[in-house]
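Values in this document were obtained by computation on a predicted structure and should not be read as measured data. Because only heavy atoms are used, hydrogens play no part in the values below, and waters and symmetry mates are left out as well, while side chains stay in.
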Amino acid sequence: MNRLINAIQNFPSNQISYEALGEFVHSVDYASLDYRGHIPYECDPGDYGRNILTLSPFECVLIYWPPGIESAIHFHEGFYGYVVMLEGQLDNVTYQYKEGILGEDKAARYLPISVMDEPDNTIHKLRNPHSTQGAVSLHFYYPALDTLEDLVIYDTIRKAQGVLSATAKAASWSEAEGHFKFVKEKAFNFQDIVTFHRKPSHLIHPIIPKPNPQKIGEMVSAYYCEQAAEYDRLDYERPQRLAYTDTINSLIADHLQTKTDIRSMLHVACGTGRRALDIRQQSKKSYHITGVDISAKMCEVASEKEIELINEDWVEVKLNPTTKFDAATWLYAFGHLSGPEVRLAALRKLYHHMYPGGYLYMDVFNVHNRFEWGPFALQTFNHMRLDRYGYESGDVFYRRANGKEIAYLHYFEWEEIKSLLEEAQFEIQSIQNIGYAKNSGQIVEDPNEGFFFIVAKRK
């Protein structure tokens, strides 16, 4: 830690800028940083602990976040900085203030070792979302904040705005009354993130750095477990999604009707099983259905249907090597696989368990679909330089607007999914763009619209 402090104190004060500070922060080897003896574990109940390590020429402060603790929403006016996660996790929730309305805008989760940007004029709060595990973060600010005097904080319950005094210890509403210069009640109106974004069904929630494949699998499982009991109802309540899935189901069923030798069909990521049964019914076939799904709760719902179920991640499933299927689907879920190696392994495994001449039906999210998150994912990848944190271009983490569990999804370039299928030995028979958010369920010609629906053949 002394080496870091010395490096800060020797930094030329006339060369400090937001960009230069960022370059310095990213250059530090945090894995070898001896900081544990400096962690300020002792802090007031309901607060976080601060240990200022140096103030010259910019501030470096080590902060301990007890489980479940968060800062007040506060305004970075006239200073900027960066936060480095050392232990645990923190959510960074940002806000916008305009015309008397404070709106909750975005949220992102930071894990060790990641760097969070805090530009000037940021309104945000930091929170430790873990109920039992503390978090430790290292903060760099310029100009240095030797006190928190004049820091503006917000209380969304009371709609109150407070200005801290020089005696305040933290950006927190639990500060003693004398630690405020003044507090103004009913100072603004507040809109939560769902209202502020006009009640979307899902919200982007990045996690930095990108978790490993096992963790992503656990997250996806938890995400679907959270909504399994109401998943089908939610589908029926969203006309655009229902129109899309009905079209895909019909296209698969129509294709199956031309085949005479369908005895068994595998549905990877079968969910509640509703779509698997719908496809079979429309096809007027009587084949055996095997469903694989990573979510135990989804499998519980599907168990009430006429489906042979395997509750496991397809990549981890250990089928008898001689087990073969005449056809397979992978619908609305292939993008949950965490990276190219995992995706290729999954397709090769699927290829092995299909009979020659068998058909694979799958859909994937189009990264260039201008009516979905793909283009935004590309911009975010470049703007935040997420390649430093294990991201691929097209990666998105998200959650339901009224949910807590965060899931992962990858948006594909057409050449990307084409190469994967060909490398796994599948022959692509057809590719169609099916509208989702726009022209729901319709076959569209614009390559920058809709999802890719693919029919591929096992050689």
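Relative orientation of the Tyr30 and Phe140 rings is perpendicular, given thresholds of 30° and 60° on the angle between their planes. Ring geometry, His139 versus Tyr141: the interplanar angle falls from 30° to 60°, so the pair is classed tilted.
In this structure, the separation between CD1 on Ile73 and CZ on Arg127 is 10.0 Å, given to the nearest 0.5 Å. Expressed to the nearest 0.5 Å, how far CG of Leu102 lies from CD1 of Ile123 amounts to 6.0 Å. To the nearest 0.5 Å, atom OG1 of residue Thr329 and atom CD1 of residue Ile279 are 5.5 Å apart.
Annotation: Glu427, atom CD; neighbour count of heavy atoms from other residues, nucleotides and ligands within 6.0 Å is above 12. Arg385 CZ: 12 or fewer foreign heavy atoms inside a 6.0 Å radius. Taking a 6.0 Å sphere around CD of Gln214, one finds it holds 12 or fewer heavy atoms contributed by other residues, nucleotides or ligands.
Between Phe334 and Leu347, some side-chain heavy-atom pair lies under the 4.5 Å cut-off. Side-chain atoms of Ser250 and Gln282, non-hydrogen and from C-beta on, do get closer than 4.5 Å to each other. In this structure the side chain of Thr94 never reaches within 4.5 angstrom of the side chain of Glu104, judged on heavy atoms. For the pair Trp373/Leu378, no side-chain contact is recorded, criterion being any heavy-atom separation below 4.5 Å from C-beta on. At least one side-chain heavy atom of Glu392 sits under 4.5 Å from a side-chain heavy atom of Lys210. With a 4.5 Å cut-off on side-chain heavy atoms, Arg109 and His205 count as touching. Contact of the Leu138 side chain with the Val83 side chain is not registered, since no non-hydrogen atoms from C-beta on lie closer than 4.5 Å. Side-chain contact between Ser114 and Pro209 is present, with at least one heavy-atom pair separated by less than 4.5 Å.
Judged purely by distance below 3.5 Å, without hydrogens or angles, the side chains of His336 and Tyr408 never pair a donor atom with an acceptor atom. Between the side chains of Arg370 and Asn448, not a single donor N or O lies within less than 3.5 Å of an accepting N or O. Side-chain contact of Tyr80 with Glu118: a donor-acceptor pair under 3.5 Å is absent, judged by distance alone. In this structure, a donor-acceptor pair under 3.5 Å is absent between the side chains of His353 and Thr323.
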Mind running side chain to side chain donor-acceptor pair (under 3.5 Å) on Thr247 and Gln442 for me, showing each step along the way? CA-CA 8 Å; Thr247 294; Gln442 299 179 34; over 6 Å; no
Derivation and outcome, side chain to side chain donor-acceptor pair (under 3.5 Å), residues His288 and Ser264: CA-CA 5 Å; His288 180 79; Ser264 62; over 6 Å; no
Please assess His76 against Phe79 for the test ring-ring contact (aromatic ring centres under 6.0 Å, His included), listing each intermediate value before the final yes or no. CA-CA 6 Å; His76 285 226; Phe79 68 99; 4.4 Å; yes
Apply the test salt bridge (charged side-chain N to carboxylate O under 4.0 Å, His left out) to residues Asp91 and Lys125: give CA-CA distance (whole Å), side-chain angles for both, the deciding distance (0.1 Å), then the verdict. CA-CA 8 Å; Asp91 283 349; Lys125 72 176 179 182; over 6 Å; no
Where do Ile248 and Leu331 land on the side chain to side chain contact (heavy atoms under 4.5 Å, CB included) test, with the steps shown first? CA-CA 9 Å; Ile248 298 294; Leu331 301 176; 4.0 Å; yes
Stepwise, does the side chain to side chain donor-acceptor pair (under 3.5 Å) test hold for Tyr361 with His255? CA-CA 10 Å; Tyr361 309 94; His255 193 264; 2.7 Å; yes
Met362 and Ile417: side chain to side chain contact (heavy atoms under 4.5 Å, CB included), yes or no, with the steps? CA-CA 11 Å; Met362 67 186 302; Ile417 187 63; 4.2 Å; yes
Between Glu416 and His410, is a side chain to side chain donor-acceptor pair (under 3.5 Å) present by the stated rule, with each step listed? CA-CA 11 Å; Glu416 178 185 6; His410 180 71; 2.7 Å; yes
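Pairs passing the side chain to side chain donor-acceptor pair (under 3.5 Å) check and including a residue from residues 59-69, sequence neighbours excluded, read Trp65-Ser137. Sorted by first and then second residue, the side chain to side chain donor-acceptor pair (under 3.5 Å) pairs involving residues 449-459 (not counting sequence neighbours) are Asn439-Glu449. Residue pairs that meet the ring pair (Phe, Tyr, Trp, His ring centres under 6.0 Å) test with at least one member in residues 413-457, sequence neighbours left out, are Tyr244-Tyr436, Tyr244-Phe451, Tyr351-Phe426, Phe365-Phe451, Trp414-Phe452, Tyr436-Phe451. Residue pairs meeting the salt bridge (charged side-chain N to carboxylate O under 4.0 Å, His left out) criterion with at least one partner in residues 290-316, sequence neighbours excluded, are Arg280-Glu306.
Taking a cutoff of 4.0 Å between a charged side-chain nitrogen and a carboxylate oxygen, Glu413 and Lys418 do not qualify as a salt bridge. Salt bridge Asp326/Lys259: absent, no basic N to carboxylate O contact under 4.0 Å. A salt bridge does not link Arg343 with Glu423: every distance from a Lys NZ or Arg NE/NH1/NH2 to an Asp or Glu carboxylate oxygen is 4.0 Å or more.
Seen from the ring of Phe325, Arg263 does not count as a face-on cation partner, given the 6.0 Å and 45° thresholds.
Checking side-chain atoms of Thr156 against main-chain N and O of Phe190 turns up no donor-acceptor pair under 3.5 Å. No donor-acceptor distance shorter than 3.5 angstrom exists from the side chain of Trp330 to the backbone of Asp363, with no hydrogens or angles considered. Side chain of His267 to backbone of Val292: no donor-acceptor contact under 3.5 angstrom is found. Side chain of Asn92 to backbone of Met116: no donor-acceptor contact under 3.5 angstrom is found. Counting only distance, with no hydrogens or angles, the side chain of His130 and the backbone of Gln133 share a donor-acceptor pair below 3.5 Å. Between the side chain of His74 and the backbone N or O of His124 there is at least one donor-acceptor pair closer than 3.5 Å. Put simply, the side chain of His197 never gets that close to the backbone of Lys199: no donor and acceptor are under 3.5 Å apart.
Just one residue in the list Ser172, Ser71, Pro66 forms a side-chain contact (heavy atoms from CB on, under 4.5 Å) with Asp47, and that residue is Ser172.
In plain terms, the two heavy atoms of Met354 and Gly358 that are nearest each other are CE-C, 3.6 Å. Contact between Ala327 and Leu256 at its shortest, heavy atoms only, is CB-CD2, 4.3 Å. Considering all non-hydrogen atoms of both residues, Lys404 and Arg399 come closest at O-CD, 4.4 Å. Scanning all heavy atoms of the two residues, the minimum distance from Val84 to Ile113 falls at CG1-CG2, 4.2 Å. Scanning all heavy atoms of the two residues, the minimum distance from Ala107 to Pro206 falls at O-CD, 3.2 Å. Summarising the geometry of Leu203 relative to Ala401, their closest heavy-atom pair is CD1-CA, 3.9 Å, with the distance given to 0.1 Å.
With sequence neighbours excluded, no residue forms a side chain to side chain contact (heavy atoms under 4.5 Å, CB included) with Arg198. By the side-chain hydrogen bond (donor to acceptor under 3.5 Å, both in side chains) test, Arg3 is found to be paired with no residue, residues two or more places apart in sequence or in another chain being considered.
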